[in-house]
Amino acid sequence: MLSKKVKELLNNQVNAEFYSAYLYLDFHDFYKDAGLDGYANWYWIQAQEERDHAMLLMQYLQQQGERVKLEAIDMPDKELKEFIDPLKAGAEHERVVTGLINDIYAAACEEHDFRTMQFLDWFVMEQAEEEDNADGNVKKFELFGSDGKSLYELDAEMKARVYIAPSLVIG
């Protein structure tokens, strides 16, 4: 049985993950409108990943006998003007999500909730990867994005990304 605090934090994370999906769909739309289909693809896939993260958290809560409370999802509020803006905002957002995951992990540790800690291990590793990817995208853009030919090549690289659903299956 989950403690009240861990349950609330996990439920909040479900909603945070759905917000992340909304945010990345907004980034997708920004790049699609600009004709950067590769960058649009990158964030389309990011949105799918975030949605799946929310679904995994929902499954876990349900398997613990808890009801999931879906909240209203805030509208994305990032002002996007330059091509680098979504990349920088995405990197910052991933750091925020890492903090949220770490908070849940710390609460589970305080409660000696080893099952939840084990469940969250995958998310901890996933967030490390997410931050590395987001920071790498910013660095590449800062190095090469101002040159048209290089931007074209970066966009093509982003377009090659395919979605691989998480292999973590619960229940």
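We number each residue from 1, following the sequence as shown.
- Shown here are the ring pair (Phe, Tyr, Trp, His ring centres under 6.0 Å) partners of Y39, two or more places apart in sequence or in another chain: Y31.
- Among residues at least two apart or in separate chains, salt bridge (charged side-chain N to carboxylate O under 4.0 Å, His left out) pairs with a member in residues 56-67 are K7-E66.
- Partners of S3 according to the side-chain contact (heavy atoms from CB on, under 4.5 Å) rule, which considers only residues two or more places apart in sequence or in another chain, are K5, V6, E111.
- In this structure, H28 contributes its side chain and Y43 its backbone to no donor-acceptor pair below 3.5 Å.
- Checked by atom type and distance alone, the side chain of D113 never pairs as donor or acceptor with a backbone atom of C109 at under 3.5 Å.
- Counting only residues at least two apart or in different chains, salt bridge (charged side-chain N to carboxylate O under 4.0 Å, His left out) contacts with residues 122-136 comprise R95-D135.
- Residues forming a side-chain hydrogen bond (donor to acceptor under 3.5 Å, both in side chains) with Q62 (at least two apart in sequence, or on another chain): none.
- Judged by distance alone, with hydrogens and angles left aside, the side-chain atoms of Y60 form a donor-acceptor pair with the main-chain N or O of T116 at under 3.5 Å.
- Under the 3.5 Å distance criterion, with hydrogens and angles disregarded, no donor-acceptor pair is assigned to the side chains of Q63 and Q59.
- Annotation: salt bridge (charged side-chain N to carboxylate O under 4.0 Å, His left out) contacts of D147 (sequence neighbours excluded): none.
- Taken together through direct or relayed side-chain contacts under 4.5 Å among Ile, Leu, Val, Met, Phe, Trp and Tyr, M158 and I164 form parts of separate hydrophobic clusters.
- With sequence neighbours left out, the salt bridge (charged side-chain N to carboxylate O under 4.0 Å, His left out) criterion links E71 to K69.
- For the pair N133/E94, no side-chain contact is recorded, criterion being any heavy-atom separation below 4.5 Å from C-beta on.
- The main-chain N or O of I73 is never found under 3.5 Å from a side-chain atom of N15 such that the two would form a donor-acceptor pair.
- Taken to the nearest 0.5 Å, the CG atom of L9 stands 11.5 Å off from the CG atom of L57.
- The side-chain hydrogen bond (donor to acceptor under 3.5 Å, both in side chains) analysis of residues 155-164, with sequence neighbours excluded, yields the pairs Q46-R161, E49-R161, D52-Y163, K140-E157.
- Counting only heavy atoms from C-beta outward, the side chains of E50 and L23 never approach each other to under 4.5 Å.
- Under a 4.5 Å side-chain heavy-atom cut-off, the cluster of Ile, Leu, Val, Met, Phe, Trp and Tyr residues that includes M75 has no other member.
- No side-chain heavy atom of V14 sits under 4.5 Å from any side-chain heavy atom of L10.
- Under the 4.5 Å side-chain heavy-atom criterion for Ile, Leu, Val, Met, Phe, Trp and Tyr, L143 and Y152 are members of distinct hydrophobic clusters.
- In this structure the side chain of H53 never reaches within 4.5 angstrom of the side chain of Q13, judged on heavy atoms.
- Interatomic distance, F18 CZ to L70 CG, rounded to the nearest 0.5 Å: 6.0 Å.
- Surrounding CE of M117 are more than 12 heavy atoms belonging to other residues, nucleotides or ligands, all under 6.0 Å away.
- Taking the side chain as every heavy atom from C-beta outward, F144 and K149 never approach each other to under 4.5 Å.
- No path of Ile, Leu, Val, Met, Phe, Trp and Tyr side chains, each step under 4.5 Å between heavy atoms, connects Y19 with I45, placing them in separate hydrophobic clusters.
- Rounded to the nearest 0.5 angstrom, L36 CG and L151 CG are separated by 5.5 Å.
- For the side chain to side chain contact (heavy atoms under 4.5 Å, CB included) test with T98, the passing option among V96, N102, L100, I101 is N102; the others fail.
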Can you list, pair by pair, the side-chain donor-acceptor contacts under 3.5 Å of residues 76-84, counting residues two or more places apart and other chains?
unit_1 : atom_1 : unit_2 : atom_2 : d
E79    : OE2    : K81    : NZ     : 2.9

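- Other members of the cluster containing W44 are L25, with ILVMFWY side chains joined at under 4.5 Å, either directly or via other members.
- Aromatic ring centroids of Y24 and F27 lie under 6.0 Å apart.
- Remark: F141 pairs with no residue by the ring pair (Phe, Tyr, Trp, His ring centres under 6.0 Å) rule, at least two apart or across chains.
- Cluster annotation: L61 is connected to F114 through the hydrophobic network of ILVMFWY side chains, with a link wherever side-chain heavy atoms come within less than 4.5 Å.
- For the atom pair OH of Y105 and CD of Q118, the computed distance is 9.0 Å after rounding to the nearest 0.5 Å.
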